[in-house]
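Note that this is a predicted model, so its numbers are computed, not measured. When a ligand or atom number is given, it counts from 1 through the structure's own listing order. Starting from 1, each residue takes its place in the sequence as its number.
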Amino acid sequence: MDYRPVTPSLVRDLRTIVGEKSVWIDHERLEAYAHDETSITEYAHAPEAVVLPTTTEQVAQVVRLANRERIPITPRGAGSGLSGGAIPIHGGIVLSLERMDKLIDLDLDNMTITVQAGMVTNDLAHTVAEHGLFFAGYPMSVETCQIGGNIAENAGGGKAIKYGVTGRYILGLELVTPTGDTLWLGGKLAKDVSGYDLKSLVIGSEGTLGIVTQAIVKLTAHPKAASDLLVLFKSPRAAIDLVPVIMRHGIVPTGIEFMDRLSFQTSCAYLNESLRYEQAGAMLLIEVDGNDPNQVEADLLAIGDLCEQHGALEVYVAEDRNAVERVWAVRRNIAEAFKVASPVQSLEDIVVPVARIPDVIPELERLAATYGMQIPCYGHAGDGNLHATLVKDPAMDHATWLRSKDACLRELYRVTRDLGGKISGEHGIGLKRKAYLGDVTNPVEIALMRAIKRAWDPQNVMNPGKIFELES
Ligand SMILES: Cc1cc2nc3c(=O)[nH]c(=O)nc-3n(C[C@H](O)[C@H](O)[C@H](O)COP(=O)(O)OP(=O)(O)OC[C@H]3O[C@@H](n4cnc5c(N)ncnc54)[C@H](O)[C@@H]3O)c2cc1C
């Protein structure tokens, strides 16, 4: 793909649009935008310029310029992505939404909040919580990621069993298309079948179909009570086998998070956290919420009894919010902890129907033995979504690691497909899984995706090279 470079004259044009101080071209700052949280360093690629607009009109003008001059443009939220989506592999412009973090409108009558796309997800949650309202999006990166990034990845997280993923709460979004037009898709509407559902097409499209500049987010009443169980098991298999049993029991938990021993211990060490459950080979962190505290407690105890009947070693009811938050912090920090402890690794995101999740653990154990690597595992077990993490043995040389990782991933993805699953539940394809998508996806489906991309982005300037190559 032939793209034009960002020339000094283009930098002047960008500065005319967003202001002198909102276009960065110095090496040090560009390097900071060369990667996201994906641990695979070979993907790193710096942009030629970082642009920091504050308004939708500025975004539209920058995109029109990029489209006219055929310069690749990569939208970026907080850069917490785990598939390389915000990495500008063709250089060009990174358009960072970090300064577009304003509250536009809190509409208590319609139970919606409208925000600029760069608002940090936790800030949104706290803003609405002050009014007794609830935004159910809870990716484990909630303290840093942005609502625009959540929309682009259709982020899931720790409350998805009961509340679903991000897309369920996005009633409307303002989009700057790859050719620089601005439009609203959806609105403050409970339903809408007025033509193709383009809003849903944008959700999860990883920044390849345009830049989300504002979003209308649906809110619900804040649940009045929530409580958690920490359940210890002898082995990962014992813990995971219980997940479908809990799910069909009739109580819908908010989340069922799974951590094996290595994941838990690595995160505890990273946080300097002294929680000690040495006897456990794996654990489930189960949350129940609702409006009646007695019912929440009864539901939690019923799930606890079920776990005991099915071989749990210990069932702990978290007694206070502080204790709960400590365990959730351990869960939220596993990905980061592994990055520090084992920088050469591949964090996976497979998702299978929840009834098939017990089949995954023996497969991971088999793959670990076959390819000579550790594969610790954690994740949103109640969604069938596991973050198996392939970790390089320090004794393995790098070339062997690359070969083994590739073969192991191909096998893991085939197994996942055969279980009725997909290779990413929430982190996306981005760069990381692009080479594998074709192995496990109907070619007609990929051809339709390419046709959509060509129709939306004839110059292929909007986050090019992500999900699939445009030319096969
Ligand atoms: C410790 C940790 C825990 C995590 N836990 C979870 C989890 O539980 N669930 C989960 O789903 N994910 C999780 N993630 C992954 C990541 O946080 C999510 O994918 C998040 O939604 C990315 O948001 P971001 O603002 O950082 O986006 P970025 O990483 O900046 O970008 C991600 C993608 O979205 C595009 N994009 C960003 N903003 C926009 C926009 N305004 N318009 C159009 N495209 C845009 C980018 O081009 C890129 O393709 C985790 C990450 C970390 C580091």
Atoms of ligand 1, numbered as shown, that sit under 4.0 Å from any heavy atom of [X]:
{"X": "G77", "answer": "25 (O), 28 (P), 30 (O), 37 (C), 38 (N)"}
{"X": "Q146", "answer": "25 (O)"}
{"X": "E37", "answer": "53 (C)"}
{"X": "N463", "answer": "47 (O), 49 (O)"}
{"X": "L97", "answer": "41 (N)"}
{"X": "G85", "answer": "47 (O), 48 (C), 49 (O)"}
{"X": "G207", "answer": "43 (C), 44 (N)"}
{"X": "I211", "answer": "42 (N), 43 (C)"}

Ring centroids only, cut at 6.0 angstrom: are [X] and [Y] within range, meaning strictly under it?
{"X": "F134", "Y": "Y163", "answer": "yes"}
{"X": "H387", "Y": "H427", "answer": "yes"}
{"X": "F264", "Y": "Y378", "answer": "no"}

[atom] - nearest protein heavy atom and its distance:
{"atom": "atom 27 (O) of ligand 1", "value": "G149 CA, 3.6 Å"}
{"atom": "atom 34 (O) of ligand 1", "value": "A152 CB, 3.2 Å"}
{"atom": "atom 31 (O) of ligand 1", "value": "A86 CB, 3.9 Å"}
{"atom": "atom 29 (O) of ligand 1", "value": "G81 N, 2.7 Å"}
{"atom": "atom 15 (C) of ligand 1", "value": "S80 O, 3.6 Å"}
{"atom": "atom 49 (O) of ligand 1", "value": "E206 O, 3.0 Å"}
{"atom": "atom 28 (P) of ligand 1", "value": "G79 N, 3.5 Å"}
{"atom": "atom 24 (P) of ligand 1", "value": "A78 N, 3.5 Å"}

Distance alone, cut at 3.5 Å: any donor-acceptor contact between the side chains of [X] and [Y]?
{"X": "E174", "Y": "T56", "result": "yes"}
{"X": "S346", "Y": "K432", "result": "yes"}
{"X": "T16", "Y": "D13", "result": "no"}
{"X": "T121", "Y": "N150", "result": "yes"}
{"X": "H380", "Y": "E426", "result": "yes"}

Looking only at distances, please establish whether an N/O atom of ligand 1 is found under 3.5 Å from an N/O atom of [X].
{"X": "N150", "result": "yes"}
{"X": "S141", "result": "yes"}
{"X": "T74", "result": "no"}
{"X": "M140", "result": "yes"}

message: Check this for me, if you would: do E98 and R76 make a salt bridge, where the nitrogen-to-carboxylate-oxygen distance has to be below 4.0 angstrom?
response: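 A salt bridge is absent here (no side-chain N lies under 4.0 Å from a carboxylate O).
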message: The test is side-chain contact (heavy atoms from CB on, under 4.5 Å); show your working for L402 and D406 and say whether it passes.
response: CA-CA 6 Å; L402 289 178; D406 180 60; over 6 Å; no
Considering only heavy atoms, does [X] approach ligand 1 within less than 4.0 Å through its side chain, its backbone, both, or neither?
{"X": "V212", "result": "both"}
{"X": "K466", "result": "neither"}
{"X": "E153", "result": "side chain"}

- request: On the 0 to 90° scale, with breaks at 30° and 60°, tag the Y436-Y413 ring pair as parallel, tilted or perpendicular.
  value: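 Y436 vs Y413 ring planes: perpendicular.
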task: Using a cut-off of 6.0 Å, state whether more than 12 heavy atoms not belonging to K188 lie near its atom NZ.
output: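 Yes, enclosed.
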field: CD (Q374) with more than 12 external heavy atoms under 6.0 Å
entry: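 Not more than 12 within 6.0 Å, no.
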task: State the OG1-CD1 distance between T74 and I89, to the nearest 0.5 angstrom.
output: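 Rounded to the nearest 0.5 Å, the OG1-CD1 separation comes out at 8.0 Å.
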- request: Mind checking the NZ-CG spacing from K218 to L171? Nearest 0.5 Å is all I need.
  value: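 If I round to the nearest 0.5 Å, the distance is 6.5 Å.
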message: Under the criterion salt bridge (Lys or Arg N to Asp or Glu O under 4.0 Å), I'd like the reasoning laid out for R433 against E206: C-alpha separation, chi angles, the key distance, then a yes or no.
response: CA-CA 13 Å; R433 300 184 180 85; E206 305 189 30; over 6 Å; no
Identity of the nearest option to [atom], non-hydrogen atoms only, from [options]:
{"atom": "atom 43 (C) of ligand 1", "options": "G210, A155, C145, G148", "result": "G210"}
{"atom": "atom 1 (C) of ligand 1", "options": "K339, E426, R332", "result": "R332"}
{"atom": "atom 11 (O) of ligand 1", "options": "P75, G156, P139", "result": "G156"}

field: H380 heavy atom under 4.0 Å from ligand 1
entry: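 H380: in contact with ligand 1 (<4.0 Å).
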